[in-house]
**Q** 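First the structure, which I've put down as structure tokens, then a few questions once you've had a look.
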Amino acid sequence: MRRTTLRGLPRTLRPVSAIALPPKLPLHLLLTHILGVALLQSTSMAVWFVFPILARKRFEANDWQTLIITASSSVLFALSIFWNDLFSRRSFAKYLLTWWAVTCLPLAACAFAWDYWSLLIPYFISCLGVAGATPALGDLLKSLYPDATRGRAYSLMWGVSMVFGALFGLGVGRWLKHDENAFRYYLPLAAALQLAGAGVCIWLAEAAGHNAKRELVADRGQSLWSRVVEPVTHAKEVLKADPIFARYEAAYMTYGIGWMIAFALLPMLITDKLHLDYDAATASTQTSYLLALVVFLLPAGWLMDRLGAVRSTGISFAMLSVYPLLYLWASDSGELAIASLVYGVAHAGASVGWMLGPVALAPTPGKVPQYVAIHATLVGVRGKLFQGLGVGLYMLLKGTGVPEIIRGFPIPLIIASAAYVWSAVQMFQLHARMERTRRGDAIVVERAVK
């Protein structure tokens, strides 16, 4: 009778005691990681959020022009799989510096804009790299933290980023209220802070031994066309071969209907319905949202460590169905702040699950950047589809001939709320499927060990 050894079993079927976990990260490296992520993320969140409002108030953008500004950052997440292809062939340092040059230098160039189009062109170029940091940061996260603590570690560094992002956003809003040309100063500052963040992450990758673990893909002299097609083909193959990950992405696609519609309509809500100044707009939306998110990120990370990415994200999706309806109810900045607080509380789980879901579902550490890149790419797909849907419905229904009860915002925001509900159902169904598979795997392990 042939002996069955643990080495012969797939990694996911081995007993936990047989799987080596990464060593605990020293405190000074954890703090360095938090600092690097905070410098990269907080500045970009604050700056990109204000752009649609700046375009609308300072450069008199119409509804469709506002949509282009609003949608560019999320739609161009679709380039993430191509960034991942570059990441697989470049050292950590060269990659992050390339990303900074593509993304942050054009962002600083927006400071010289004199009209809508001179703002849009460098902003659009900057958005080409909006997803570029995600493969590198996801790879670093997987390498440095064991599964049992990764949720809390990520929540901690993301929470610090949110605090700095909220403060930066509030400062930008107040600065713009007093000086409409303040963007000419804070955009270069944001680019400089992101360069510092990239430098911190580069140092960390070397100090923590991450660079020594990476195996780069050799350049095979492919044509440009092959380099473009290959990542798309590989993404399709991964989704076809991994039905759990594919179902996870399907649920996130449904969630994206709700998120993209509400996100695209928020600048219109702020300017057309509530007529808020820059400081009131940032305080009642981005700052309120981020502060609530910070408070609940650690509980969300703890919940994810206990319940897993799929079930905890499903709970978050269900909670998110409330805030689009609160947008409808809001009639001033205070009520909009309440809606944003609810949004932040509900979004904590989805925010953690956005990164940690692909990280947890990747079958091997080497597959993490690809899984994160595929996930980020699909953000661009849903952004392209659903932001236009939301704004298009709003423009179609805001005419004077439409009954007041459905005029403007109600129909698209109700659709957003319903999409959140259905995405939660999909996540709970996926969790049930994974539990059935896990019970079957446990029986296989038990028989193999005997």
Side-chain angles (χ1 to χ4, degrees), residues 25 27 30-50 73 133-134 137-138 140-141 145 149-174 186 190 193-194 196-197 200-201 255 259 262-263 266 279-307 309 312-313 315-320 322-323 326-327 330 333-357 359 420:
L25 193 70
L27 179 60
L30 172 62
L31 294 176
T32 301
H33 198 177
I34 291 171
L35 174 62
V37 171
L39 286 169
L40 287 174
Q41 300 286 3
S42 62
T43 49
S44 62
M45 284 186 298
V47 167
W48 275 321
F49 174 78
V50 174
S73 59
T134 52
L137 296 181
L140 196 60
L141 194 68
Y145 305 95
T149 61
R150 189 178 301 117
R152 280 162 286 176
Y154 178 73
S155 297
L156 182 61
M157 66 184 65
W158 192 239
V160 173
S161 296
M162 297 298 107
V163 170
F164 282 107
L167 294 175
F168 198 164
L170 188 62
V172 163
R174 291 186 174 178
Y186 71 69
L193 290 173
Q194 287 173 319
V200 170
C201 289
Y255 148 89
W259 195 88
F263 178 69
L266 186 56
D279 59 339
T282 54
S284 61
T285 53
Q286 186 77 338
T287 301
S288 298
Y289 158 74
L290 290 176
L291 291 178
L293 190 67
V294 167
V295 173
F296 283 88
L297 271 176
L298 279 177
W302 175 86
L303 194 67
M304 188 156 291
D305 288 339
R306 294 292 298 271
L307 300 183
S312 59
T313 302
I315 294 170
S316 178
F317 285 179
M319 295 170 62
L320 281 165
V322 176
Y323 88 91
L326 292 178
Y327 277 176
S333 60
E335 292 173 354
L336 182 59
I338 293 172
S340 300
L341 289 170
V342 172
Y343 173 31
V345 172
H347 201 228
S351 180
V352 176
W354 192 92
M355 175 66 83
L356 293 190
V359 169
Y420 280 130

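Residues take their numbers from the sequence shown, with the count starting at 1.
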**Q** Looking only at non-hydrogen atoms, find the nearest pair between Ser284 and Ser340 and report the distance.
**A** O-OG, 2.7 Å

**Q** At their closest point, which heavy atom of Ser161 faces which heavy atom of Ala38, and how far apart are they?
**A** OG-CA, 3.1 Å

**Q** Measure the spacing between OG of Ser333 and CD1 of Ile338 and express it to the nearest 0.5 Å.
**A** 10.0 Å

**Q** About how many Å separate CD of Gln286 and CG of Leu266, when rounded to the nearest 0.5 Å?
**A** 9.0 Å

**Q** Using the side chain to side chain contact (heavy atoms under 4.5 Å, CB included) rule, take Leu141 and His33 through it: C-alpha gap first, then chi angles, then the decisive distance, then the call.
**A** CA-CA 9 Å; Leu141 194 68; His33 198 177; 4.3 Å; yes

**Q** Work out which heavy atom in Ala283 is nearest to a heavy atom in Ser288; give both atom names and the distance.
**A** O-OG, 2.6 Å

**Q** Looking only at non-hydrogen atoms, find the nearest pair between Cys201 and Val37 and report the distance.
**A** SG-N, 4.3 Å

**Q** Where do Leu40 and Gln194 come nearest, in terms of heavy atoms and distance?
**A** CD2-O, 3.4 Å

**Q** If I take atom CG from residue Leu167 and atom CG from residue Leu291, how far apart are they, to the nearest 0.5 angstrom?
**A** 7.0 Å

**Q** So do the side chains of Phe168 and Leu193 get within less than 4.5 Å of each other, counting heavy atoms only?
**A** yes

**Q** About how many Å separate OH of Tyr327 and OG1 of Thr285, when rounded to the nearest 0.5 Å?
**A** 7.5 Å

**Q** To the closest 0.5 Å, what do you measure between CH2 (Trp259) and OH (Tyr323)?
**A** 7.5 Å

**Q** How many angstroms lie between atom CE of Met319 and atom CZ of Phe296, to the nearest 0.5 angstrom?
**A** 7.5 Å

**Q** Check ring pair (Phe, Tyr, Trp, His ring centres under 6.0 Å) between Tyr289 and all other residues, then give those that pass, not counting sequence neighbours.
**A** Tyr343, His347

**Q** Return the minimal non-hydrogen interatomic distance between Leu320 and Ala350, and the atom names on each side.
**A** CD1-CB, 4.2 Å

**Q** Looking at side-chain heavy atoms only, is the closest gap between Val47 and Val172 below 4.5 Å?
**A** no

